[in-house]
Amino acid sequence: MPSTAILFPGQGSHTAEMAAETAALRPDLLAHVVEVVGEDPFPRAAESTAFAQPAILCAALARFSQLAPTLDGPVVALGHSLGELGALVAAGQLDELDALALAAERGRLMAAAGTGGMVAVLGGTIEQATELADSFGLTVANDNAPGQVVLAGSEADTKAAARGARGVGLRALRLDVTGAFHSPAMAAARDGFEAALHAATFTDVPVGSAAFSPTTVAPVTDPVAVLSQALTSPVRFREAVLALHEAGVRRWIETGPGDVLAKLVGRILDAPDVHVHTVREAADVA
C-alpha cells in the first residue's frame, strides 16, 4: 500500500474562487465540462447538484494535474461520493474527460431522482446516529468523522430526526440539498447511471496504484459496480480513512476545492505521524 493518499471531495466543497482557479490551471478541462453539461456549471454550482457535481470534479481534477508531477511513486486515491470518479482518474483507471462526462450525467440523474432531504447529526456516535435513523425511518448516508454522521430520507422525517437529536442533547443541521442522497431514494438515478457506466471505458489498475472506495472500504476492482452502488449506499469515509491508515498511509493530500476532507481526516486521525495537506500546502512543503 502506498504511503500517500490523494483525496477527492464531493458535493458541498465548492468555493467562490474555484472557477477562476480552474480556468487558470486547466482551461481545456473547463471547456470540456461546459460542453458535456451544455453550459458553464460553475456559476450555478450552488443552485443544483446537476451543476455542482461536474463543477467540483472539474476543479479537483485541475488541482490534481498541478499536483501529479510532484508525486514520487504510486499513490492510493480516496474520493468522497462524487470524488470516487476523481480517485479513479488519479489511479489511472479512468480518463479525466470521461470522468467529467460521468459527473455531469450523475448530477443530472440525482437532481431528477425526486425529493427528500438530509440532516447532519453532530456530536454523537455512529451508534446514536444509527438509532436515530432507525427511529425516524431514515438511512445513514455519510459516516464522515467522529461526531459527524449524515442521515437521509423524506423532508418530514429529517425534520423529525433533527428534533429527536436535539432532544437527546445532540446538535442537528439540516443540509441545503434537494434529495436524499446515498439512500434508496436514489434507486432511479442508480439505474440510469449504471447504464452510463457500462458505456464508459475503465482500464486495469496500474501496478502500485489504486483507488480505494468509501462505499465498500476496499480497493476498487469493479468500477461499474462500485460507482453505481454508491448512489444508494452510505459513504463510509471514516472507516475508509482508518483502513488506509492501518495499511500504512501517513500522508494525505486533498485536491479540493476547499479543505473539507483534510479537516475530516484530521479529526479521524489525531496522531503525530499523520500529515494532512491541501494541494497548495503540499506544493509549499515540496
Side-chain angles (χ1 to χ4, degrees), residues 1-27 29-30 33 41-42 45-46 52-92 96 99-100 103 120 142 144-148 209-214 235 237-238 240-245 248-286:
M1 175 66 68
S3 61
T4 298
I6 310 300
L7 304 169
F8 286 84
Q11 194 163 338
S13 59
H14 55 276
T15 64
E17 65 272 11
M18 69 178 184
E21 184 178 36
T22 301
L25 291 174
R26 291 292 304 274
L29 284 187
L30 178 58
V33 81
F42 282 90
Q53 293 198 29
I56 289 168
L57 181 63
C58 187
L61 290 175
R63 277 194 171 193
F64 175 69
S65 67
Q66 181 185 30
L67 172 70
T70 71
L71 296 173
D72 183 17
V75 299
V76 61
L78 173 64
H80 187 289
S81 187
L82 161 72
E84 291 207 65
L85 290 169
L88 288 166
V89 172
E96 60 185 3
L100 287 175
N142 296 4
N144 286 330
Q148 187 183 125
S209 296
F212 198 85
S213 172
V235 180
F237 187 74
R238 177 182 60 86
V241 169
L242 290 172
L244 289 176
H245 183 257
V249 173
R250 295 295 181 268
R251 188 183 185 211
W252 307 77
I253 306 174
E254 179 173 5
T255 57
D259 58 358
V260 173
L261 298 189
K263 289 178 178 176
L264 290 180
V265 170
R267 290 178 58 184
I268 297 166
L269 301 175
D270 184 12
D273 64 343
V274 172
H275 306 283
V276 187
H277 311 285
T278 64
V279 166
R280 290 176 180 173
E281 292 166 344
D284 291 340
V285 170

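We number each residue from 1, following the sequence as shown.
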- Item | Residues Phe8, Leu61; criterion side-chain contact (heavy atoms from CB on, under 4.5 Å); working and verdict | CA-CA 9 Å; Phe8 286 84; Leu61 290 175; 4.1 Å; yes
- Residues passing the side chain to side chain donor-acceptor pair (under 3.5 Å) test with Glu21, sequence neighbours excluded, are Arg63, Arg280
- Message: For the backbone of Leu7 and the side chain of Thr255, can you confirm whether one donor and one acceptor N or O come within less than 3.5 Å of each other?
- Response: yes
- Task: Taking all heavy atoms of Ala87 and all of Ala77, pick out the closest pair and write down the distance.
- Result: O-CB, 3.4 Å
- Closest approach of Gln66 to Pro69 (non-hydrogen atoms, all atoms of both residues): O-CD, 3.5 Å
- Message: Give me the atom names and distance for the closest heavy-atom approach of Leu88 to Ala211.
- Response: CD2-CB, 3.8 Å
- Message: To the nearest 0.5 Å, what is the distance between OG on Ser65 and CD on Glu96?
- Response: 7.0 Å
- Task: Please report the shortest heavy-atom distance between Met18 and Ala59, naming the atom on each side.
- Result: CB-CB, 4.1 Å
- Quick one: are Ser81 and Gln11 in side-chain contact, heavy atoms under 4.5 Å? no
- Looking at CH2 of Trp252 and OG1 of Thr278, how far apart are the two atoms once the value is rounded to the nearest 0.5 Å? 16.0 Å
- Note on the structure: Shortest non-hydrogen pair, Leu82 vs Ala103, comes out as CD1-CB, 3.9 Å
- Could you please spell out the steps behind the side-chain contact (heavy atoms from CB on, under 4.5 Å) verdict for His277 and Arg251? CA-CA 8 Å; His277 311 285; Arg251 188 183 185 211; 4.0 Å; yes
- Query: With side chains defined as the heavy atoms from C-beta onward, is the minimum distance between Gln53 and Pro41 less than 4.5 Å?
  - Reply: no
Can you give each donor-acceptor pair under 3.5 Å made by side-chain atoms of residues 260-276, sequence neighbours left out, with the distance rounded to 0.1 Å?
from, atom 1, to, atom 2, distance (Å)
Arg267, NH2, Pro146, O, 2.5
Asp273, OD2, Arg250, NE, 2.7

- Item | Qualifying residue for side-chain contact (heavy atoms from CB on, under 4.5 Å) with Ile6, from Val76, Val89, Leu71 | Leu71
- Query: Looking only at heavy atoms, what is the nearest atom pair of Leu57 and Ala99, with distance?
  - Reply: CD2-O, 3.5 Å
